[in-house]
Every structure is written in structure tokens, then in C-alpha cells.
Amino acid sequence: MTGGLLLAIESSCDETGVALLDGPRRIVAQAVASQVALHAGAGGIVPELAARAHLRWIDPALDEVLEAAGASLPDIGAVAATAGPGLVGSLLVGLSYAKALAWSLDVPLVGVNHLEGHLYAAWLLDPGEAERPEPPFPLVALVVSGGHTFLVEMPDHLAYRLLGETVDDAAGEAFDKAGRLLGLGYPGGPAISRAADEARGTPERLPRAWLADTFDFSFSGLKTALRRTVEAELLAGGRPTAEDGGRLSPPRVAALAAAFQESVVDVLAVKTLRAARVVGARAIVLGGGVASNAALRERLAAGAADLGVELVVPRPGLCTDNGAMIGAAGARRFAAGVRAGLDLDARPSLPLAR
Ligand code: KG4
Ligand code: ZN
């Protein structure tokens, strides 16, 4: 960096994230304005509302972060912003804001891949947190978010070899759909996790898609199996369909939430641990909203300990979308000499560089 703090902005989906970083790892201050309540009624993200909310909250988020850091605009030495993938209207808000700031402060701009941000969340240090070593290479990283699910090998910084990815739904999307089916509301992930904690008695089993020996994932069969089970039980109980507001009893919801979660966690954990073994990884890194799932974290912690591999999982608030992760990836890109011009475009389908 040219000196000064790195300002990072995330606005790809439904969180407005702003963060100030000092160096590639240290968070000085950050703020996340969540739109969960705004979209809950619709049961999913409404893109136009999301873009307008980013516009509403980006200024106050920056003010909050500067105040918390005891900093002002001239302390900013560079600006990083998510360029993709994500919702185009939402991306444009953060990116245009970042461009205007970089131009007016006359500091460099760097565009960040949101997925790379989820990976680099594992490197972050909170304000006041003790220094700890960086995750060692080679490592395997599992990113499980609302829009993406993939497994990569990282031989070094900013280098990725795709091992596998979802062939249909992302893990978070599957949790969200299952949450709707069970009447648990949006977002489904945290709600399913809470409901699963209430499950009692013999665990039930829903199917898993192993896709032979690949590192790919598929969750649509599991979702269909859950839908069939829920609809059959609603019909047998003389209740309306899930779509028409029919709900199972709380104990049944808990049992099916637990079975669904176990199925997703089992496949994610088995494939990630196998990848770590095959690659000879020294660490496993986890990122994305679903990485805040306690069952997944526990399962991988046990498996990684058996393998003698370090598991690095950001705290839950850094797994879901935030500005600091964009700063962590942006700082690495920046150190590698990457600079963006003011013509940098939002790219809704930007892939992770390979
Ligand atoms: O990474 P993220 O905040 O946004 C995207 O980039 O997509 O991920 C959001 C996703 C949602 O699908 C949400 O249901 C899921 O992460 N999620 C969880 C949990 N917390 C969030 N899934 C399972 N268990 C959780 N505790
Ligand atoms: Zn994300």
C-alpha cells in the first residue's frame, strides 16, 4: 500500500459492508448494515430494494467506521470494492461510491472478487486480537455461501485450482429453500441450525448426493426429498401444502431440519477432508455464510484434527458478507500490483481467477 489505511466496500448482495484495514490482515474498524429484515417478508432478496438500501446505508456506514477508527478521509491510502459476482444494481452502488472516493482522494482503486474475499476472511485479525500465523500453504478452501459452493486448492497466495463445485444449488440456497419449506422464514441457514438443535429422539436420514469420486456437490435431490416428505406429512395430516402456508408440528420441523443439516454437512465435510488428504494440504480454510454453521464447523474441526491439518474458520460475523473480507483480498491484490481504472465495471458473473 502507498501508506495509510485501506478502505474496503462490499455491496454485492444484501449487506452493506465498510471496513478500514491497516495492512493485509488487521481490521481497524468495520460496519455491516444488514438487509435481512427488509427482504424477510418476500422470503428472498429483492434486487431493486437491495440496491436502494445500499444507497441509503453506505454513507452512514462509512461515517460509523471512520468515527470508530478515530480516522478521517485523508487517512485513506487506497480503496477496494467488490466488482463481482453479485447483483448488478447492488454492485454498482458500492463500486461507484468507491470510484468517487478514490478519485476525490486521489488514491488507488482495486476491484475485488467477492469469492476471493470469502476465502481471505480466514486471514483477518480483529481489532485487538493477538497476532497469529497465517494459514500455511498448500491449503484447501471450501466456500459455501448463498450463491456459491466450491472447493479449491491454494498452492500460494491468489492462486487457485478448482477441485469441485456445485452442479445445481449452492449450499446456502439449499438451506434457504429448506427453511421456506419448513416454514422457518428467511434466511433459512441460521433458522434450520436453531431448529435442528431442538431435535430429539433417533436421528432421521435424508439422501446424500456423492457424485461418485468427484469433488462436486449437488443439493437439489436432497431438497426434493425434503419437499416430498413435508408434502406427504402435510397431506396425511389434512393440512394445506407448504406453499399455501401448511406447517408441520415443531417436533417434526426440528427432526427434518436436523436431518437436512446433517445431510449437507456430511457431504461438505467428507469431500473437504478427502480433498485435504489428496492434496497434502497443511490447512483447511472455510468461508461464506454457511461456514458459520456450528455443525459444519464441529464436524470439520474433528476431521481436521484426525488428519493433523489446521482448520481456519473465521468467526461467524466474518463468514457472512462484510467489508473486511474485501479488504483482506484487496490488500493482497494491491500488494501484487493490481490497480483498477475508473472504468472498472461491475461483473455479475465474475469467476474466481484460476
Ligand atoms: O456469504 P453470505 O452471507 O452471502 C452470499 O455471498 O451468498 O451467505 C448467505 C447464506 C444464506 O444462504 C444463509 O442461509 C447461509 O449463508 N447461512 C447459514 C448459516 N448462517 C448463514 N447456513 C447454515 N447455517 C448457518 N448458521
Ligand atoms: Zn458472500
Side-chain angles (χ1 to χ4, degrees), residues 8-17 19 32-36 39-40 42-45 47 50 54 81-87 90-91 94 112-122 141-150 165-166 169-182 184-197 217 219 222-223 257-269 285-300 313-329 348-350 352:
I9 295 174
E10 152 64 26
S11 73
S12 68
C13 194
D14 61 344
E15 330 275 350
T16 315
V32 179
S34 170
Q35 303 177 9
V36 163
H39 301 292
I45 297 161
H54 285 303
T82 308
L87 301 168
S90 292
L91 286 168
V112 176
N113 185 308
H114 181 84
L115 305 173
E116 194 163 67
H118 274 306
L119 285 170
Y120 270 93
L142 173 71
V143 171
V144 270
S145 73
H148 299 269
T149 292
F150 62 89
E165 61 192 331
T166 181
D169 293 350
E173 187 182 358
F175 268 104
D176 292 336
K177 287 176 178 169
R180 263 198 297 278
L181 259 177
L182 293 172
L184 292 170
Y186 175 85
I192 293 224
S193 170
R194 278 192 301 272
D197 286 343
F217 305 96
F219 300 108
L222 169 63
K223 178 189 65 193
F260 177 86
Q261 174 173 272
E262 178 53 27
S263 204
V264 175
V265 165
D266 195 21
V267 176
L268 290 175
V285 160
L286 214 54
V290 181
S292 49
N293 183 276
L296 178 64
R297 296 163 83 102
E298 282 161 26
R299 178 76 184 271
L300 278 172
V313 196
R315 67 175 165 82
L318 295 176
C319 289
T320 46
D321 292 349
N322 65 86
M325 70 184 207
I326 299 307
S349 307
L350 183 66
L352 186 67

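Ligands are counted one by one from 1 in listed order, and the atoms in each one are counted from 1 as well. Given the structure is predicted, the values throughout are model-derived calculations rather than measurements.
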For [X], take its heavy atoms, then give the atoms of ligand 1 lying under 4.0 Å from any of them.
{"X": "G147", "value": "7 (O)"}
{"X": "P187", "value": "14 (O)"}
{"X": "H118", "value": "1 (O), 6 (O)"}
{"X": "T320", "value": "3 (O)"}

- N/O donor-acceptor pair under 3.5 Å between S193 side chain and N293 backbone: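 A pair under 3.5 Å: no.
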- Task: Could you tell me whether a side-chain N or O of Q35 sits under 3.5 Å from a main-chain N or O of A50, the two making a donor and an acceptor?
- Result: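 Judged by distance alone, yes, a pair lies under 3.5 Å.
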- Message: Between S11 and H54, is there a side-chain donor-acceptor contact under 3.5 Å, judged purely by atom types and distance?
- Response: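 No pair is found: no donor N or O on one side chain lies under 3.5 Å from an acceptor on the other.
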Non-hydrogen atoms of [X] and [Y] that approach each other most closely:
{"X": "A170", "Y": "H148", "answer": "CB-N, 3.4 Å"}
{"X": "K223", "Y": "L181", "answer": "O-CD1, 4.2 Å"}
{"X": "V313", "Y": "A291", "answer": "CG1-O, 3.8 Å"}
{"X": "A19", "Y": "G323", "answer": "CB-C, 3.6 Å"}

- Student check: side-chain heavy atoms of P314 and C319 closer than 4.5 Å: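 Answer yes - side chains close enough.
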- Query: If we only count heavy atoms from C-beta on, is the F217 to V264 side-chain gap below 4.5 Å?
  - Reply: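 They are not in side-chain contact.
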- Query: Among V285, L119, V290, L286, whose side-chain contact (heavy atoms from CB on, under 4.5 Å) with L142 holds?
  - Reply: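 Of the listed options, the one satisfying the test is L286.
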For [atom], grab the closest protein heavy atom and report residue, atom and distance to one decimal in Å.
{"atom": "atom 20 (N) of ligand 1", "value": "S292 OG, 3.2 Å"}
{"atom": "atom 2 (P) of ligand 1", "value": "D321 OD1, 3.4 Å"}
{"atom": "atom 22 (N) of ligand 1", "value": "G189 CA, 3.2 Å"}
{"atom": "atom 7 (O) of ligand 1", "value": "G146 N, 2.7 Å"}

Report the part of [X] in contact with ligand 1, treating N, CA, C, O as backbone and CB onward as side chain, heavy atoms under 4.0 Å; options are side chain, backbone, both, neither.
{"X": "E15", "result": "neither"}
{"X": "D176", "result": "side chain"}
{"X": "H148", "result": "neither"}

Restricting to N, O or S atoms, which atom of [X] is closest to the Zn ion (ligand 2)?
{"X": "H118", "result": "NE2"}
{"X": "H114", "result": "NE2"}
{"X": "D321", "result": "OD1"}

Polar atom proximity, [X] to ligand 1 (N or O, under 3.5 Å):
{"X": "F175", "answer": "no"}
{"X": "G289", "answer": "yes"}
{"X": "N293", "answer": "yes"}

- Message: Taking the six-membered ring for Trp, are F260 and F175 closer than 6.0 Å centroid to centroid?
- Response: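 Distance test on ring centres: under 6.0 Å, yes.
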- Query: Strictly under 2.8 Å, is any N, O or S atom of H148 next to the Zn ion (ligand 2)?
  - Reply: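 For H148, the answer is no, given that no N, O or S atom comes within less than 2.8 Å of the Zn ion (ligand 2).
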